[in-house]
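Here the structure comes first, spelled out in structure tokens, and everything after it is commentary.
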Protein chains: 2
Amino acid sequence: MTIRVLVVDDQTVVRAGFVAIVDAEPDLTVVGQAGDGATAVALAADLAPDIVLMDIRMPGLDGLAATRLLTEKADLPKVLVLTTFDLDEYVYEALRAGASGFLLKDAQPQDLLNAIRIIATGEAVLAPTITRRLIQTFTQPQTPTPAPSPLLNSLTPRERQVLTLIAAGHSNAEIATTLGVTVGTTKSHVNALLTKLNARDRVQATITAYNLGLAHPRN
Amino acid sequence: MTIRVLVVDDQTVVRAGFVAIVDAEPDLTVVGQAGDGATAVALAADLAPDIVLMDIRMPGLDGLAATRLLTEKADLPKVLVLTTFDLDEYVYEALRAGASGFLLKDAQPQDLLNAIRIIATGEAVLAPTITRRLIQTFTQPQTPTPAPSPLLNSLTPRERQVLTLIAAGHSNAEIATTLGVTVGTTKSHVNALLTKLNARDRVQATITAYNLGLAHPRN
DNA sequence: GGCCGCCTCTATCGCTGGGTAGAGAAGCCG
DNA sequence: CGGCTTCTCTACCCAGCGATAGAGGCGGCC
């Protein structure tokens, strides 16, 4: 089963380079080339390639717009964006446009070929520089201030455990059995908990748990 | 300039495998091994490795905790997490803990070696499966599809109102006065609500409210 | 050793919460 | 109009929850 590749770049020399690299592989074959976005979209409809190697900067319909058109419908070609510049805007727009990968043109041929094969399986590949930045922007909002709330620290480990179970919707009896203690003991913990959290009942405790980050809405 | 590697895994066989792969490379050298997180942290302080290959599941201090300790101070070793399971929780926690990379143990040796060299330059590497999911969760919030849950639509306006008040921590009596009805009426609504939400009590209803987006952790 | 914090357990008590089974009033829609 | 849904209310019951007031064991700390 060979992987069918469509090469899209406005510079003939660059296209030739990619074609040479890809066609040299036994399991890959270049089924077409395009010099602008509009041609790429039209060709993709005819040729049904598995992978599109897409440049961004092109006359007319650019690579990002073309990617959007290509990935709108399901089970259409996976797009691997290749560009000289790793500007953040390009990267994020490309990913939002539906690209499965983003490499720089100075990548090693071997890396490019690997990327094509991985993307063909439905997975994704990013240039290491970009991976680093994506992780950064991903962990940044998550860790502005991990907020080691004084409230949380005032709880004993056992109380934190009980609070988590309460916020998971468990009754005292259930908590007791999961912790291997009596219901009475659980009640003791719950009472201490409610007092410390200044909560009237377990619902208010649950709300506090969410606010403290002990529980998360799953979506 | 050789890259100095510390191998951390609780299974001796696995360690041996990594050591063999890494030490076979002329530009890489294994400077030490550890079988648990605590040892890893201590060894890292002595040996000052460039890269730590870190397993997650280990006795005592696990890989995530050890990573946190290792990456707390600046210019300390880069951590490449290697695990058998690509559970989302592991991945995100590892990245937040400061890991520079995340690969599965079934990765090709060549990929592992590449990853080590890339991470040593300060960039980042993720397994393709993970890259795909990271991109997904990254582009997901951009999609303006608030996902109108069928559950929410099955509720009458009054029931939604009651649910919101429950999730705000109010008692039946308080809800009754807020809505200007009797406690009995409130109970009727609460009962209908719990049945529809398939919740046993108001805590579980509250959790559902958070998941449906009717309530939000304030932070 | 003595103190203290945490975990454990017991016991009792009142109240809220949730289940069940009604029934009447108002509004919408075919 | 007749049927439907929704909102309202009533009454009863009991299980679970939360408050209170204990007490003993264990470990760490001074």
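In what follows, every chain begins at residue 1, and chains take the letters A, B, ... in the order their sequences are listed.
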Q. Between C:dT8 atom C1' and A:Glu159 atom CD, what is the distance in whole Å?
A. 13 Å

Q) Is any side-chain heavy atom of B:Leu82 less than 4.5 Å from a side-chain heavy atom of B:Asp9? A) no

Q.
What is the distance, to the nearest angstrom, from the CG atom on B:Leu179 to the P atom on D:dT6?
A. 17 Å

Q. Take atom CG in A:Asn198; do more than 12 heavy atoms of anything else shown fall under 6.0 Å from it?
A. no

Q: Would you please say whether a donor-acceptor pair under 3.5 Å links the side chains of A:Thr185 and A:Ser188?
A: no

Q.
Distance check needed: D:dC7 C1' versus B:Leu163 CG, whole Å only.
A. 17 Å

Q | Pairwise side-chain contact, B:Lys196 with B:Thr156, heavy-atom cut-off 4.5 Å (strictly under) | A | yes

**Q.** Rounded distance (nearest 0.5 Å) linking atom CG of A:Leu95 with atom CD1 of B:Ile135
**A.** 4.5 Å

Q | Of the listed nucleotides C:dC6, D:dT10, C:dC9, the one nearest the side chain of A:Thr156 | A | C:dC6

Q.
I'd like to compare against my own output: the B/S/- annotation of nucleotides 13-30 of chain C with a strict under-4.0 Å heavy-atom distance to protein.
A. ----BBBB----------

Q | Phosphate OP1/OP2 of D:dC7 contacted by B:Thr185 side-chain N/O (<4.0 Å) | A | no

Q: For atom CZ of A:Arg200, decide whether the heavy atoms of other residues, nucleotides or ligands shown that lie under 6.0 angstrom number more than 12.
A: yes

Q. Over how many whole Å does the gap from A:Ile175 atom CD1 to D:dG18 atom C1' extend?
A. 13 Å

**Q.** Interatomic distance, A:Leu193 CG vs D:dA19 C1' [rounded to whole Å]
**A.** 15 Å

